[in-house]
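I have placed the structure first, in the form of structure tokens, so that the comments after it can refer back to it.
Whatever order the structure lists ligands and atoms in, that order sets their numbers, starting from 1.
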Amino acid sequence: MNTIRTATRTTLPRAKILQPRHGLMYMSSIRQHKVAVIAGDGVGIEVTASTLDVLRTIQKKVGGFELKFDELDYGSARYKAKGSYAPEGWVEDLRKNDVIFFGAVGDPEVPDHISLWDLILPMRQNFQQYVNVRPSKILPGIPARITNINSHKDLDWLIIRENTEGEYSGQGGRTHKNTPWEIATETSIFTRKGVERCLRFAFEQAQKRPKKFLTVVSKSNAQRYGLVLWDEVAEIVSKDYPDVKWDKMLVDAMTVRMVTKPTSLDTIVTTNLHGDILSDLAAGLSGSIGIAHSLSLDPTRKSPSLFEPVHGAAFDIMGKNLANPIAAIMSSAEMLRWLGEEKAAQIIEKACEKSIEKGQTTGDLGGKLKTTEVTEAVIKLLEDQ
Ligand code: NAI
Ligand code: MG
């Protein structure tokens with residue numbers, strides 16, 4: 001059984017009944033989904049190619065729906081050639097899509113804060129993708145990373161990260177640049193509304209999982225304004241979910257608990273920066289960053305949600321056909337689920353799990369296969385189902 005599947009299948013908001021878009025009448029009963037595809041940079045390009053192969057195969061296999069891909073050149077190559085990551089009007093262009101599939105961004109020749117702030121972070125804010133959901137589980141066939149965490153019975157978490165404000169709200173600046181008295185500020189912003197909507201989402205997810213247990217992570221001893229607000233709002237929101245048990249952790253102690261008492265955790269909610277770090281730790285504990293997938297959701301469905309592997313451009317392995325495509329492929333399964341294509345999502349997830357169980361993996365999971373070989377293995381497994 002796939003926990004990632006259970007984590008999301010039973011918990012995430014369902015797709016609405018599909019309506020014809022903007023006066024377009026469909027003569028056929030084929031469900032059409034517009035997918036903006038931003039492969040981006042580095043291994044993002046490689047794993048996106050794998051994902052598109054898988055999606056084209058599943059579309060043929062399952063039938064009944066059609067994915068209309070709009071492959072966009074947004075990324076660092078464009079930035080280096082034209083001076084911007086995306087063309088003018090990109091927010092409105094992307095908004096015309098039902099969902100966005102994203103590979104990764106980042107280039108050795110471009111400072112990381114430029115690549116992140118020119119594309120990925122504005123996307124999350126413009127489309128109010130206010131939760132980032134990262135399911136984490138040890139899949140069969142994955143070797144234990146530390147001795148007390150061996151199987152999905154020990155580690156099966158749903159991490160929910162606030163995705164539009166907090167430590168990554170983008171407020172701050174630099175004055176007296178390049179002088180010894182230069183000053184730089186980086187302001188965290190916590191709005192009651194932003195905190196509440198994220199916590200509410202987290203309580204709802206916890207309520208739908210068998211353990212009905214939520215851990216709220218903050219650092220409200222040292223950060224005495226924003227994160228005290230965070231804790232206070234958690235208390236208030238919790239009253240609406242009396243069947244959800246919950247506890248609070250400071251983020252530093254949380255890292256220890258994740259390693260030493262993994263079974264004491266289930267659903268986890270935290271701020272933007274802390275969620276970024278804790279979910280990478282979870283990826284490491286559950287096997288590899290190469291299988292960690294994520295959903296950046298606008299739960300109101302007013303704007304397109306975005307699906308992407310957790311990892312970045314991976315400079316050390318890019319262009320070598322070594323990247324694990326599973327994180328990207330699993331992200332695309334969640335994308336199909338979000339679009340209401342549950343059957344297709346499940347088939348892809350099962351194929352990914354089978355490939356890992358059979359040891360058909362890339363080097364990060366101890367295997368010998370290349371990116372394209374893992375992709376072929378997954379495609380074969382899904383065709384056989
Ligand atoms: P990274 O995730 O790119 O790489 C960290 C380590 O994980 C590397 O050793 C890499 O080889 C390995 N790794 C990553 N993806 C893998 C895969 N699919 N299969 C096997 N191994 C994989 O993080 P790093 O090195 O901190 O960042 C590199 C660049 O990516 C930077 O420019 C950074 O800003 C950007 N980045 C972008 C993200 C995004 O687009 N959402 C997320 C994280 C980083
Ligand atoms: Mg990260």
Any N/O pair S288/ligand 1 closer than 3.5 Å | no

Would you list the atom pairs, donor with acceptor, under 3.5 Å between side chains in residues 118-125 and any protein atom, with sequence neighbours excluded?
from : atom 1 : to   : atom 2 : distance (Å)
R124 : NH2    : E308 : OE2    : 2.9
Q125 : NE2    : T164 : O      : 3.2

Do ligand 1 and H311 have nitrogen or oxygen atoms that lie under 3.5 Å from each other?
-> yes

The one among S50, A323, A328, G312 that brings a heavy atom closest to atom 2 (O) of ligand 1 | G312

Ligand 1 to R124 polar contact by distance, N or O atoms, under 3.5 Å | no

At a 4.0 Å threshold, what atoms of ligand 1 neighbour a non-hydrogen atom of L116?
-> 34 (O)

To the nearest 0.5 Å, what is the distance between CG (L281) and CE (M258)?
-> 4.0 Å

Which of the listed options, V47, T361, N324, holds the heavy atom that is closest to atom 17 (C) of ligand 1?
-> N324

Between D364 and ligand 1, which part of the residue brings a heavy atom under 4.0 Å of the ligand: side chain, backbone, both or neither?
-> side chain

On a heavy-atom basis, the closest approach of E167 and N272 is OE1-N, 3.4 Å

Mind running salt bridge (Lys or Arg N to Asp or Glu O under 4.0 Å) on K80 and D41 for me, showing each step along the way?
-> CA-CA 12 Å; K80 288 195 278 187; D41 303 326; over 6 Å; no

V310 and ligand 1 - part of the residue with a heavy-atom distance under 4.0 Å = backbone

Heavy-atom closest contact (P299 atom, V131 atom, distance) = CG-CG2, 3.8 Å

Would you check whether I289 reaches within less than 4.0 Å of ligand 1, judged by its heavy atoms?
-> yes

Using a strict 4.0 Å cut-off to heavy atoms of I317, name the atoms of ligand 1 that fall inside it.
-> 11 (O), 20 (C), 21 (N), 22 (C)

Considering all heavy atoms, the nearest A206-L214 contact = CB-CB, 3.9 Å

What do you reckon, does L322 have a nitrogen or oxygen under 3.5 Å from a nitrogen or oxygen of ligand 1?
-> no

Using a strict cut-off of 4.0 Å, indicate which atoms of ligand 1 neighbour a heavy atom of A104.
-> 40 (O)

Check ligand 1 against F102 and write out every atom of the ligand that is under 4.0 Å from a heavy-atom position of the residue.
-> 40 (O)

Any idea which heavy atoms bring Y168 and W117 closest together, and the distance?
-> O-CH2, 3.3 Å

What residues, two or more places apart in sequence or in another chain, satisfy salt bridge (Lys or Arg N to Asp or Glu O under 4.0 Å) together with K354?
-> none

Find the distance between CZ (F65) and CD1 (I58) and round it off to the nearest 0.5 Å.
-> 6.5 Å

